[in-house]
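Written out below as structure tokens is the structure these notes cover.
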Number of protein chains: 2
Amino acid sequence: MATPRPCSIADALAVIGEKYSLLVLREVFWGVRRFNDIARNVGAPRDVLTARLNHLVAAGVLEKTPYSRRPLRYEYRPTEAGRELRGVLLTLMAWGDRHLSERPPVVFEHSCGADLEPAVVCRCCGGEIAPESLTARFEVEGWGAAGAG
Amino acid sequence: MATPRPCSIADALAVIGEKYSLLVLREVFWGVRRFNDIARNVGAPRDVLTARLNHLVAAGVLEKTPYSRRPLRYEYRPTEAGRELRGVLLTLMAWGDRHLSERPPVVFEHSCGADLEPAVVCRCCGGEIAPESLTARFEVEGWGAAGAG
DNA sequence: TACCGTTAGTTGGATTTCCAAACCAACCTC
DNA sequence: GAGGTTGGTTTGGAAATCCAACTAACGGTA
């Protein structure tokens, strides 16, 4: 078995796992949509940013639409698939807040009045997802594993 | 303003954003804890895996404990902080399943009986987190932005 | 028309990272 | 004691990244 494990996490990371990709998405969520602004806020070299934007557009995470012709200039917006990555960013941000920062650089207040603390739950029953509450079903031969803990 | 945006997502990615880091964590969650096994399942070069494991241990995401002395051999397990990244992986996996794969390589069955579809909700009220339901509060000067969409 | 500034890249060259294969020490099995 | 296993480290070359400077296409102004 020399091939790596078939896995949607790996597939997802092939799309948004390169350096700066998620930070680009973060900026786009913040409403920052132009090349120079994204470059500055993300801190990415311009050539790398060009590559990332193209990759994300090709993967259907962002779409570029002209905001000016003459000169032709594009802005970048999230697609529906891109918008669905918001949960990943929120979860990641919460983890960073919790484990890596003295006090969070940004706090979101939810409409319910509380400072947002995101939780990942089962959409069906709304319950938290404990490791023991999951049973894995493998759709590919030979990749069962010890636990899911 | 030449500095990039202060942000917990960026901080988090500095810890788990390098190539293979999240896949290593995935393996560890699957119960795969030894160097050779992780290397094979992740598909990472051995020297890179060495670097990643050391980094993750130094960051407090993994801990290495000896499973044999003579010869001294370590295995890698998630710390509490590491375990709290499960939500990130589940959310990422769901996104990959949804947008990148014909049929998911792995399906989790939740204890409620349904095939797991993770949702990111507000821990306080349990409600879904629509973009409009959030108000950003900036704890750092000069980093307000257009929207949170 | 000449000159300046803005925007969105592109280019060239140094640096860093990545990778595959080989190597190694310390065991264990036969 | 020959061969295999485990958990790495070393090596040399390929690829990606970084950074500064450059370009192209405009728009403003004077």
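Chain identifiers are assigned alphabetically (A, B, ...) following the order of the sequence lines, protein sequences preceding nucleic acid strands; residue numbering begins at 1 within each chain. Note that the coordinates shown come from a computational prediction; the quantities given were computed from them, not determined experimentally.
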inquiry  = Can you see if the side chain of B:Thr50 gets near the phosphate of D:dT9 - specifically, an N or O under 4.0 Å from OP1 or OP2?
reply    = yes
request  = Treat primed atoms plus P, OP1 and OP2 as sugar-phosphate and everything else as base, then score nucleotides 14-20 of chain C 5' to 3': B for base contact with protein heavy atoms under 4.0 Å, S for sugar-phosphate contact only, - for none.
outcome  = ----SBB
request  = Starting at SG of A:Cys122, measure out to CD1 of A:Ile129 and round the result to the nearest 0.5 Å.
outcome  = 6.0 Å
task = State which of D:dC26, C:dC27, D:dT6 makes the closest approach to the side chain of A:Arg70.
result = D:dC26
Under 4.0 angstrom between A:Tyr76 side-chain N/O and C:dA8 OP1 or OP2 = no
ask   = B:Asn36 has a side chain; which of D:dT6, D:dG8, D:dA25 sits nearest to it?
value = D:dT6
Pair A:Arg98 + A:Glu117: basic N to acidic O under 4.0 Å = no
key: Whole-Å gap separating P (C:dA8) and CZ (A:Arg33)   = 14 Å
task = Keeping to residues at least two apart or across chains, list the ring pair (Phe, Tyr, Trp, His ring centres under 6.0 Å) pairs with something in residues 49-69 of chain A.
result = none
inquiry  = With side chain to side chain contact (heavy atoms under 4.5 Å, CB included) as the criterion, how do A:Leu134 and B:Arg86 come out once you've worked through the C-alpha distance, each side chain's angles and the decisive distance to 0.1 Å?
reply    = CA-CA 12 Å; A:Leu134 295 181; B:Arg86 234 171 43 104; 3.8 Å; yes
query = Charged N to carboxylate O under 4.0 angstrom, A:Glu75 versus A:Arg33?
reply = no
ask   = Are any of the side-chain nitrogens in B:Glu128 or A:Arg123 under 4.0 Å away from the carboxylate oxygens of its partner?
value = yes
